[in-house]
Participant: 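Sharing a structure, written as structure tokens. Questions coming.
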Amino acid sequence: MKVLLTGAKGQLGSCFQDRLPAGWEVWATDSDVLDITDLEKVKRAVIDYQPDFVVNAAAFTAVDKAETEHKTAALINETGPKNLALAANEIGARLVHVSTDYVFDGEAITPYIETAKTNPLGVYGKTKLDGEIAVSQIQPDALIIRTAWVFSEYGNNFVKTMLRLAQDRETLGVVSDQFGCPTYAGDIAQAIIVLLQKKSAGGIYHFCGDEMVAWNEFAEVIFSSALRQGVLTRKPVVNGITTAQYPTPAKRPKYSVLDCEKIKNQGVILSLWKSRVDEVIAASNNK
Ligand SMILES: NC(=O)c1ccc[n+]([C@@H]2O[C@H](COP(=O)([O-])OP(=O)(O)OC[C@H]3O[C@@H](n4cnc5c(N)ncnc54)[C@H](OP(=O)(O)O)[C@@H]3O)[C@@H](O)[C@H]2O)c1
């Protein structure tokens with residue numbers, strides 16, 4: 001199998017390369033090699049490389065920055081996947097695209113299924129939703145995986161931010177009224193590989209970690225793990241604060257738990273995120 005991977009230096013892109021099954025070949029590209037917003041370059045790359053699958057791990061993921069950089073966010077999150085779908089169609093390659101829990105408004109009280117009504121609260125979520133729509137219109141057989149609260153040993157994420165802040169802060173205020181499921185990027189990569197290997201039907205699949213938490217509870221799990229592993233010598237006190245006490249440019253859903261039954265039925269194992277936090281902290285410690 002030949003895979004053209006975009007966003008190769010991001011969290012998911014890096015984890016995907018680490019998990020490539022034996023016999024699969026990958027051309028791992030990032031924005032410096034293949035800018036997904038450039039249709040001609042995308043088409044040339046796809047036609048030249050002739051992949052079986054195009055896996056799009058590229059995105060504009062700065063949720064707050066997107067509020068003021070609408071045009072760039074739309075180019076990367078909507079035009080980019082649209083270009084990849086158009087190019088993939090030219091050679092009959094299958095596209096895998098990744099989206100977000102932020103397509104929902106967070107007003108639900110039970111986990112969101114794939115067909116639940118979308119209503120993004122911010123520019124990031126809106127541009128990601130537009131990307132999903134473009135992909136599914138151009139290539140109905142494409143796989144679209146919505147995920148949430150991504151962390152890994154690579155790039156920037158909540159686990160790394162908390163560990164950094166813990167170095168010199170004795171107390172931390174962390175939001176306690178937004179609920180979601182942390183997800184390890186390596187498990188998303190594995191889920192994509194399983195769906196491709198099983199030739200799962202096209203459409204949207206939800207995939208996230210196995211347990212819901214609020215951000216302050218996520219922070220507690222991180223600090224306990226770091227303390228246990230000797231990465232921290234003391235645990236900062238985590239004070240739960242409300243969203244109102246921590247205003248951000250982008251509004252975020254207060255509840256964005258995804259129902260993962262559909263992907264589980266394809267044989268995909270959910271992300272056991274607490275043990276993944278242990279592994280990511282151990283890996284960061286060894287670097
Ligand atoms: N992070 C989260 O918490 C989260 C939550 C839900 C869903 N998701 C989704 O999960 C997917 C993977 O996220 P991630 O956390 O792995 O993202 P990430 O670490 O921010 O990586 C994104 C990658 O996309 C690349 N990129 C940006 N613009 C590009 C362009 N025009 N052409 C080609 N590459 C470009 C970036 O490269 P440069 O650095 O060179 O720009 C970066 O390597 C995304 O679809 C994201 O929307 C993420």
Side-chain angles (χ1 to χ4, degrees), residues 7 12 36 55-86 95-150 175 177-183 185 188 191-192 195 200-209 212 214-215 243 248-266 268 270-271:
L12 175 59
I36 62 167
V55 174
N56 182 29
F60 185 104
T61 54
V63 175
D64 288 320
K65 225 168 144 190
E67 294 297 310
T68 47
E69 297 185 20
H70 193 154
K71 227 170 137 182
T72 312
L75 258 179
I76 299 170
N77 290 342
E78 182 191 359
T79 310
K82 184 175 167 183
N83 290 345
L84 292 168
L86 288 168
L95 176 62
V96 181
H97 178 58
V98 181
S99 191
T100 172
D101 54 335
Y102 282 16
V103 298
F104 297 115
D105 62 16
E107 293 300 322
I109 50 168
T110 53
Y112 284 99
I113 58 170
E114 285 78 359
T115 50
K117 189 177 171 294
T118 54
N119 183 29
L121 299 176
V123 172
Y124 167 72
K126 169 82 171 69
T127 57
K128 291 294 293 184
L129 178 61
D130 290 343
E132 287 183 8
I133 294 168
V135 165
S136 55
Q137 280 172 354
I138 297 165
Q139 190 184 110
D141 193 41
L143 293 165
I144 298 173
I145 291 120
R146 287 191 189 131
T147 189
W149 296 31
V150 179
V175 171
D177 58 358
Q178 287 172 26
F179 299 88
C181 297
T183 312
I188 307 172
I192 290 172
L195 292 183
S200 299
I204 297 174
Y205 291 84
H206 285 175
F207 180 77
C208 64
M212 176 187 92
W215 288 107
T243 300
T248 51
K251 225 178 143 192
R252 287 157 166 82
K254 63 179 185 232
Y255 175 92
S256 61
V257 177
L258 302 173
D259 180 305
C260 300
E261 278 310 304
K262 184 177 169 187
I263 204 163
K264 277 203 290 195
N265 289 337
Q266 297 298 308
V268 170
L270 289 198
S271 189

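A quick note: this is a predicted structure, and the numbers were derived from the prediction, not measured.
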Participant: Q139 side chain to L95 main-chain N or O, any donor-acceptor pair under 3.5 Å?
Facilitator: yes
Participant: Can you name the side-chain contact (heavy atoms from CB on, under 4.5 Å) partners of P249, sequence neighbours left out?
Facilitator: D64, E67
Participant: Just to verify, what does D259 make a salt bridge (Lys or Arg N to Asp or Glu O under 4.0 Å) with, not counting sequence neighbours?
Facilitator: none
Participant: D141: which residues meet the salt bridge (Lys or Arg N to Asp or Glu O under 4.0 Å) condition with it, sequence neighbours left out?
Facilitator: R94
Participant: Who are the side-chain contact (heavy atoms from CB on, under 4.5 Å) partners of I138, not counting sequence neighbours?
Facilitator: K82, A85, L86, N89
Participant: Indicate yes or no for a side-chain donor-acceptor contact from K262 to the backbone of I204 under 3.5 Å, with no hydrogens or angles considered.
Facilitator: yes
Participant: Output all residues satisfying side chain to side chain donor-acceptor pair (under 3.5 Å) with T127, sequence neighbours left out; order by chain, then residue number.
Facilitator: N77
Participant: Can you give each donor-acceptor pair under 3.5 Å made by side-chain atoms of residues 113-124, sequence neighbours left out, with the distance rounded to 0.1 Å?
Facilitator:
unit_1: E114; atom_1: OE2; unit_2: H206; atom_2: N; d: 2.8
unit_1: N119; atom_1: ND2; unit_2: D105; atom_2: OD2; d: 3.1

Participant: Could you list the residues that satisfy side chain to side chain donor-acceptor pair (under 3.5 Å) with T248, not counting sequence neighbours?
Facilitator: R252
Participant: Considering residues at least two apart in sequence or located in another chain, which fulfil the salt bridge (Lys or Arg N to Asp or Glu O under 4.0 Å) criterion with E78?
Facilitator: none
Participant: Checking F179 now: which residues fulfil side-chain contact (heavy atoms from CB on, under 4.5 Å) with it, not counting sequence neighbours?
Facilitator: M212, A214, Y255
Participant: For K264, enumerate each residue passing the salt bridge (Lys or Arg N to Asp or Glu O under 4.0 Å) test, keeping only those at least two apart in sequence or located in another chain.
Facilitator: E261
Participant: The criterion is side chain to side chain donor-acceptor pair (under 3.5 Å); which residues satisfy it with T147, sequence neighbours excluded?
Facilitator: none
Participant: Taking side chain to side chain donor-acceptor pair (under 3.5 Å) as the definition, give me every residue that meets it alongside K126, ordered by chain and number, with sequence neighbours left out.
Facilitator: D130
